2 protein chains.
Amino acid sequence: MILEIDFNSDEAYYIQLCNQIILGIATERIREGEALPSVRQMADRIGINMHTVNKAYSVLKQEGFVKLDRRRGAVVSLDIDKIRALEEMRRELAVVLARGVCKNVSRQEVHEMVDDLFDRFTGGMDQNS
Amino acid sequence: MILEIDFNSDEAYYIQLCNQIILGIATERIREGEALPSVRQMADRIGINMHTVNKAYSVLKQEGFVKLDRRRGAVVSLDIDKIRALEEMRRELAVVLARGVCKNVSRQEVHEMVDDLFDRFTGGMDQNS
DNA sequence: TATTTGTTACACTTTTGATAGAACAGATAT
DNA sequence: ATATCTGTTCTATCAAAAGTGTAACAAATA
């Protein structure tokens, strides 16, 4: 699992960390039941403060991606609230697509991009889910 | 054109304003060549400070959605840098889809959502663009 | 001339992001 | 038992971002 913070990005470190972990889960580089490095290990590895990692883990817990276990650390545990997930996705997607539409990105190009990304996530094994 | 700030949102006011204007352009409620209300008018109307509106307009200018004219104000003028737009869309889409995949949102559901949003933007008149 | 435009400058407050050190209870392994 | 690890929680500090307020300026307009 490659985790790297872009210290020049304008995105907050804890947001970058959250997104990369979520991408890791989606691409199955981290699997359900696996534990993330402890806040201190992770902090050392990627070069940021323990409390910043802790904040990222707390957000991931709040959003239902991990559960925090005192003995095992942050364990990937997906809380499936699909209705809520669909609502949030729609809100975010609306803004992303609106930007694209303004820049003449076509419907077909978006569909192709979605397929391409989905292939990366599931490796083509997502006929049902 | 309905513009409203959610004062309870954790999203910055100027980001909310940017997104709503972009949505307005995408849905053609604001058309190319039209001018947005002046920073002072807009500030009065939606109940935030002039400088915050100015910041939003500056960001929209920077991102190529409007041009700022001393006499006419902020005029919708789309600077089409499609390659850049596609790159940014891909980055943002990756995170949005990853979240969805973790929550069992299917490829088909995403495609349907994209179609639905595109219909809202272009009213079904986007076979070519 | 008076008004409106974007623009800029200075000042100020509040919130957020990030870091730091320290301590605690619970769990674990030696 | 001891030492070590876990998340967690304090207090503290610093910098940057977000937002507001007042004021002024040049350019354009009516």
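Keep in mind that this is a model prediction, so the values were computed, not measured. First the proteins, then the strands, lettered A, B, ... as listed; each starts at 1.
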Distance in angstrom units between [X] [atom1] and [N] [atom2], rounded:
X       : N      : atom1 : atom2 : value
B:Glu11 : D:dG19 : CD    : C1'   : 16 Å
A:Gln62 : D:dG7  : CD    : C1'   : 17 Å
B:Asn54 : D:dA17 : CG    : P     : 17 Å
A:Leu68 : D:dT8  : CG    : P     : 4 Å
B:Asp69 : C:dT4  : CG    : P     : 18 Å
B:Met50 : C:dT4  : CE    : P     : 15 Å
A:Arg40 : D:dT9  : CZ    : P     : 13 Å
A:Asp6  : C:dA18 : CG    : P     : 12 Å

task: May I ask you to establish whether A:Lys55 and A:Tyr13 are in a cation-pi arrangement, using a distance under 6.0 Å from NZ or CZ to the six-membered ring centre and at most 45° from the ring axis?
output: no

message: For the backbone of B:Asn104 and the side chain of A:Lys82, can you confirm whether one donor and one acceptor N or O come within less than 3.5 Å of each other?
response: yes

query: So what does A:Gln16 touch, heavy atoms closer than 4.0 Å: a base, only the sugar-phosphate, or nothing?
result: nothing

- prompt: With no angle test and no hydrogens, is the base of D:dA18 tied to the side chain of B:His51 by a donor-acceptor pair under 3.5 Å?
  reply: no

message: Between the base of C:dG6 and the side chain of B:Arg72, is one N or O donor paired with an acceptor at under 3.5 angstrom?
response: no

If only side-chain N and O atoms of [X] are considered, is one of them under 4.0 Å from the OP1 or OP2 phosphate oxygen of [N]?
X       : N      : answer
A:Gln41 : D:dT6  : yes
A:Ser38 : D:dT6  : yes
B:Lys55 : D:dA18 : yes
A:Asn49 : C:dA18 : no
B:Thr52 : D:dA18 : no
B:Tyr14 : D:dA18 : yes
B:Tyr57 : C:dG6  : no

field: Hydrophobic cluster identity match, B:Ile22 and B:Ile46, side-chain contacts under 4.5 Å
entry: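 Yes, B:Ile22 connects to B:Ile46 through the hydrophobic network.
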
query: From C:dT5, D:dT20, D:dT8, pick the nucleotide closest to the side chain of A:Lys61?
result: D:dT8

- prompt: Please walk me through it: do A:Asp116 and B:Arg90 pass side-chain contact (heavy atoms from CB on, under 4.5 Å)?
  reply: CA-CA 10 Å; A:Asp116 195 52; B:Arg90 189 183 179 84; 2.6 Å; yes

- prompt: So with a 6.0 Å cut-off around NZ of B:Lys67, is the heavy-atom count from everything else above 12?
  reply: no

Along DNA chain D (nearest heavy atom to each residue), the more 5'-positioned of A:Pro37 and B:Gly47: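 Closest to the 5' end, via its nearest nucleotide, is A:Pro37.
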
